[in-house]
Amino acid sequence: FCLSRGLGDVYKRQASDSYWILRLKEIRVGGRSVTSQFKSIKAIIDSGTTVMVATPGILKVVTDAMPKPLDCHDFSALPTLSYVFENGDEYVMKPKEYMQGSEFPSTCSFGITPFHGKRSINLFKGTVILGDIFMKLYYTHFDLGQQRIGFARAAPVP
């Protein structure tokens, strides 16, 4: 990963002693923004979180935009899920990338879970956590010295 050669988009992190936090412009399902009613959305980039996590309000608008029921037999029928950062850069996830489980047998789950507990919901209002499910698609460079995060599309696994 080489920031100086422009292989990744670089963002400054917000002031936080505990989390790598970036601002999102919107979240899109199938290319359509579903978060326009939110004044501010923050994304915590966290390698210690396996899936993606969202506050109930954000989770609801994302899941409401998904077809019902989720078809575990055909991920290709599901829409893409995109995170658009403040500068307009869009990071797209295909259904097979954000769904957990497999098409065979037909057991799967959505790769976004809610924050649990009232304290967490209040503390992380308007926040999503982009965990390993996101970072396995986008190589993530945590540059503590420069207080920035770089992203580059990861090479596909053969």
Side-chain angles (χ1 to χ4, degrees), residues 1 6-11 13-14 19-117 120-121 124-142 148-158:
F1 188 75
L7 298 178
D9 301 312
V10 179
Y11 304 96
R13 74 175 178 151
Q14 288 183 329
Y19 304 103
W20 290 89
I21 301 176
L22 304 174
R23 290 199 184 282
L24 289 176
K25 180 179 176 183
E26 62 188 352
I27 299 171
R28 296 178 182 163
V29 175
R32 185 177 63 85
S33 178
V34 296
T35 54
S36 59
Q37 70 271 38
F38 294 93
K39 185 177 180 179
S40 174
I41 306 170
K42 296 173 291 233
I44 296 173
I45 313 302
D46 182 30
S47 61
T49 302
T50 305
V51 294
M52 295 174 289
V53 182
T55 53
I58 291 174
L59 183 61
K60 181 176 180 356
V61 297
V62 170
T63 57
D64 284 355
M66 293 286 176
K68 307 292 184 291
L70 290 177
D71 187 355
C72 293
H73 294 291
D74 184 14
F75 286 171
S76 67
L78 298 174
T80 57
L81 176 64
S82 304
Y83 295 93
V84 182
F85 287 91
E86 194 171 43
N87 70 351
D89 288 339
E90 181 176 12
Y91 292 83
V92 179
M93 298 179 75
K94 297 173 188 167
K96 66 180 181 180
E97 297 168 337
Y98 66 75
M99 293 297 291
Q100 297 287 291
S102 67
E103 296 175 76
F104 308 102
S106 61
T107 57
C108 68
S109 63
F110 194 45
I112 303 179
T113 63
F115 279 100
H116 293 286
S120 290
I121 292 169
F124 295 109
K125 187 173 184 168
T127 302
V128 295
I129 297 176
L130 302 180
D132 293 340
I133 196 171
F134 175 84
M135 293 191 311
K136 72 180 178 185
L137 303 173
Y138 295 98
Y139 176 83
T140 305
H141 177 244
F142 296 96
R148 61 187 180 180
I149 301 174
F151 295 109
R153 184 74 181 183
V157 176

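Lys125 contributes atom NZ, which lies 11.0 Å from atom OG of Ser40 (distance to the nearest 0.5 angstrom). To the nearest 0.5 Å, atom CD of residue Gln100 and atom OG1 of residue Thr113 are 9.5 Å apart. The structure places NZ of Lys96 at 10.5 Å from OG of Ser76, a figure rounded to the nearest 0.5 Å. In this structure, the separation between OH on Tyr138 and CG on Leu130 is 11.0 Å, given to the nearest 0.5 Å. To the nearest 0.5 angstrom, Glu97 atom CD is 11.5 Å from Phe75 atom CZ.
The side-chain hydrogen bond (donor to acceptor under 3.5 Å, both in side chains) test applied to Ser33 returns Glu26, not counting sequence neighbours. Applying the side-chain contact (heavy atoms from CB on, under 4.5 Å) test to Ser82 and every residue at least two apart in sequence or in another chain returns Arg28, Thr80, Glu90, Val92. Annotation: ring-ring contact (aromatic ring centres under 6.0 Å, His included) contacts of Tyr83 (sequence neighbours excluded): none. When the side-chain contact (heavy atoms from CB on, under 4.5 Å) test is applied to Thr50, no partner is found at least two apart in sequence or on another chain.
Leu137 has its side chain out of reach of Tyr91: every pair of non-hydrogen atoms, C-beta onward, lies at least 4.5 Å apart. A 4.5 Å side-chain heavy-atom check between Phe151 and Leu22 finds at least one atom pair inside the cut-off. Proximity of Tyr19 to Ile129: side-chain heavy atoms (C-beta onward) are nowhere separated by under 4.5 Å. Side chains of Phe124 and Ile44 form a contact here, defined as non-hydrogen atoms less than 4.5 Å apart. In this structure, the side chains of Val53 and Val128 stay at 4.5 Å or more apart for every pair of heavy atoms.
Heavy atoms only, all atoms of each residue included: Ile133 and Gly111 are closest at CD1-CA, 4.0 Å. The nearest pair of heavy atoms linking Met52 to Tyr98 is CE-CB, 4.0 Å.
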Name every donor-acceptor pair, under 3.5 Å, that has one atom in a side chain of residues 57-70 and the other anywhere in the protein, sequence neighbours excluded.
from: Lys60; atom 1: NZ; to: Asp64; atom 2: OD2; distance (Å): 2.6
from: Thr63; atom 1: OG1; to: Leu59; atom 2: O; distance (Å): 2.9
from: Thr63; atom 1: OG1; to: Lys60; atom 2: O; distance (Å): 3.2
from: Lys68; atom 1: NZ; to: Thr63; atom 2: O; distance (Å): 2.3
from: Lys68; atom 1: NZ; to: Met66; atom 2: O; distance (Å): 2.8

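A cation-pi arrangement, defined by a distance under 6.0 Å to the six-membered ring centre and an angle within 45 degrees of its axis, is absent between Arg23 and Phe85.
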Which is it for Trp20 and Thr140 under the side chain to side chain contact (heavy atoms under 4.5 Å, CB included) test, yes or no, and what are the steps along the way? CA-CA 11 Å; Trp20 290 89; Thr140 305; over 6 Å; no
Hey, mind stepping through Met99 and Phe110 against side chain to side chain contact (heavy atoms under 4.5 Å, CB included) and telling me if it holds? CA-CA 5 Å; Met99 293 297 291; Phe110 194 45; 3.9 Å; yes
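Sorted pairs that involve residues 45-54 and meet salt bridge (charged side-chain N to carboxylate O under 4.0 Å, His left out), not counting sequence neighbours, are lacking altogether.
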